[in-house]
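Computed from heavy atoms alone, side chains included, the values below leave out hydrogens, waters and symmetry copies. Residue numbering restarts at 1 for every chain, and letters A, B, ... go by the order of the sequence lines.
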Protein chains: 2
Amino acid sequence: MASLALAVADQALADLPPTHPCGTCPVRDIAVCGALDDASLRCFKEGGPTVAYDAGETVAFEGDAATSVYTLTAGLLRLSRFLPDGRRQIAGFLFPGDFLGLTLEKEHAFTVQAVVPSTLCRFPRPRFDSFAAGQPALERRLYALAAQELAAAREQLVLLGRKTATERIASFLLMLARRGRAEGTAADDIRIPVSRADMGDYLGLRIETVSRELSNLKAARVIQFTGRQTLRLCDRDRIEQLAEG
Amino acid sequence: MASLALAVADQALADLPPTHPCGTCPVRDIAVCGALDDASLRCFKEGGPTVAYDAGETVAFEGDAATSVYTLTAGLLRLSRFLPDGRRQIAGFLFPGDFLGLTLEKEHAFTVQAVVPSTLCRFPRPRFDSFAAGQPALERRLYALAAQELAAAREQLVLLGRKTATERIASFLLMLARRGRAEGTAADDIRIPVSRADMGDYLGLRIETVSRELSNLKAARVIQFTGRQTLRLCDRDRIEQLAEG
DNA sequence: CGAGTACTTGAGCGTTATCAATGCATGTGG
DNA sequence: CCACATGCATTGATAACGCTCAAGTACTCG
């Protein structure tokens, strides 16, 4: 399946001019652009710049006019909302290949920030919309992405509304394990790509609680730290049990 | 805007055979079907039955094969997830005109139940998918709906992850007020269409907490009950302040 | 009018938040 | 190379918010 997609992408790229920016795009086949053939892509990308952000930099503030949409080509972004007194909720993370701009609203509903140095491929929204209108495959892909994000958000609703701190941490680690596996990491090796603070604000917990729960799992020999951001699942059955209550 | 949509719908309906089920559909112009002209609609709906459920009945269980999609024509549905020990989280409610089936997954991710007696317009999924493939307007509408649901789910993430009980209740009441206004109710009159139990499981609170918070708002003269399920906002500024922390 | 269900109110407890201190890397300048 | 600053993570003590358990009240419907 993946190899088929790659083959198709290679085929398409073969016909792109050697200097075309999409020729070296690391997420060419997994991003929305994957819905386009080479001729469309060539036209599509004409003039759209690539932009880079350092760790911590803000791509867009909540309330800003959403004049562009993006594909994340490298790095990691977070979508967050701030309450007036400083409380923060992270609504989700964007990984390479993910699309930023799954909305018809004219303003950003969340603040978008780089967690680590990141690069994005930018498309002015009017251009993107008019282009999409003539490309049913692209629109279908957008729908598929939105449906997928919706499912993920609803899973997170269950976590935030009804799971205990232990269950939240266990669920989060399993989610990372799943993602890591998809990227080819050893099945039980996990890299937590964010700080404890981001983890807490994603899971609806304070940073101290995150730390304590991780320490509990370590003490129970369910996980084993191999670094501050890396760990190994020692007892996958147990952690799956913990994640579901 | 609404009147324009109605005019277009009337135009289209004028050409439908008098006995066509869509002719009397109360949500004809607001549902996904609104993206279709009369000829398409006539063909689209051919043979798809209307189904009815009593309050409390289950339309689909989590894990069931999702063999159909639906438009809710009357009533109210809830999407819920149950944890092994009986905890329940309601991920959302569906109101008349809403679409059930915004996913490409083959199984239902949530249990769907009628909150009050409800009727749905059913479409076998294979038929719906093949039909949609030839109707860009329908696919665009699906994307719009998914994007809208995604935004709503992310708002709810903020509520569940970071808001206090008081803030959750206030936010919920304002949401109902907004919805009521869209349907033409007096601006500050609210009908809570669900039980306290449903309210709690939607807001990540216990039923007792919901009750207590409502009592607090009543004691503070911010709201005034006109019935168990109906109330009036006496101090909208205050409640908006409460909702945002 | 009576039975059953839904909702409200109360008392006490537990999980997680808050406040505070300590630990542990990494980096900088003397 | 070490002293120190800085940023992030861990650990501890205490408190608060919302949960649990229990009783009481008020609808709704036969």
Without placing hydrogens or testing angles, list every side-chain donor-acceptor pair under 3.5 Å for residues 146-156 of chain B, not counting sequence neighbours.
{"residue": "B:E149", "atom": "OE1", "partner": "A:R154", "partner atom": "NH2", "Å": "3.2"}
{"residue": "B:R154", "atom": "NH2", "partner": "A:E149", "partner atom": "OE1", "Å": "3.2"}
{"residue": "B:E155", "atom": "OE1", "partner": "A:R81", "partner atom": "NH1", "Å": "3.1"}
{"residue": "B:E155", "atom": "OE2", "partner": "A:R81", "partner atom": "NH1", "Å": "3.4"}
{"residue": "B:E155", "atom": "OE2", "partner": "A:R81", "partner atom": "NH2", "Å": "2.7"}
{"residue": "B:Q156", "atom": "NE2", "partner": "B:Y202", "partner atom": "O", "Å": "3.0"}

What pairs of donor and acceptor atoms, side-chain ones from residues 93-106 of chain B against any protein atom, are under 3.5 angstrom apart with sequence neighbours left out?
{"residue": "B:D98", "atom": "OD2", "partner": "B:F95", "partner atom": "N", "Å": "2.8"}
{"residue": "B:T103", "atom": "OG1", "partner": "B:E105", "partner atom": "N", "Å": "2.9"}

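Once rounded to the nearest 0.5 Å, the distance linking CZ of B:R168 with CE of B:M199 reads 12.0 Å.
Taking the side chain as every heavy atom from C-beta outward, A:R87 and A:F82 never approach each other to under 4.5 Å.
Remark: the backbone N or O of A:G180 is not paired with any side-chain donor or acceptor of A:E183 at under 3.5 angstrom. For the pair B:K163 (side chain) and B:E244 (backbone), a donor-acceptor distance under 3.5 Å is absent. No donor-acceptor pair closer than 3.5 Å links the side chain of B:E213 to the backbone N or O of B:V210. Between the B:D235 side chain and the B:R238 main chain, a donor and an acceptor come within less than 3.5 Å of each other.
Residues A:S68 and A:R122 have side chains that bring a donor and an acceptor to within less than 3.5 angstrom of each other. B:T50 and B:T119 share no donor-acceptor pair across their side chains, judged by distance under 3.5 Å alone. Between the side chains of A:T58 and A:Q113, at least one donor N or O lies within less than 3.5 Å of an accepting N or O.
Summarising the geometry, the separation between CZ on B:F225 and P on D:dC27 is reported as 12 Å, rounded to the nearest angstrom. Put simply, NZ on B:K163 is 14 Å from P on D:dG18, counting in whole angstrom units. What separates CD1 of A:I223 from C1' of D:dA9 is a distance of 14 Å, to the nearest Å. For the pair A:R196 CZ and D:dT11 C1', the computed distance is 14 Å after rounding to whole Å. A:Q229 places its CD atom 10 Å from the P atom of D:dT10, with the value rounded to the nearest Å.
For DNA chain D, no neighbouring residue in residues 75-88 of chain B is found when judged by any heavy atom under 4.0 Å. Applying a 4.0 Å cut-off to non-hydrogen atoms, the residues of residues 200-216 of chain A that approach DNA chain D are A:E208, A:S211, A:R212, A:S215, listed by residue number.
Checked options B:R232, B:R236, B:R181, B:R178; the residue passing with B:D188 is B:R236 (criterion: salt bridge (charged side-chain N to carboxylate O under 4.0 Å, His left out)).
Closest of all the heavy-atom pairs between B:Q89 and B:D201 is NE2-O, 3.1 Å.
For DNA chain C, the contact window with chain B, defined by any atom under 4.0 Å from a protein heavy atom, covers C:dA6 to C:dA11 in 5' to 3' order.
When the C1' atoms of four end pairs are superposed on the next four at each end of the helix from C:dC1-D:dG30 to C:dG30-D:dC1, using five pairs per end, the two resulting axes differ in direction by 30°, to 10°.
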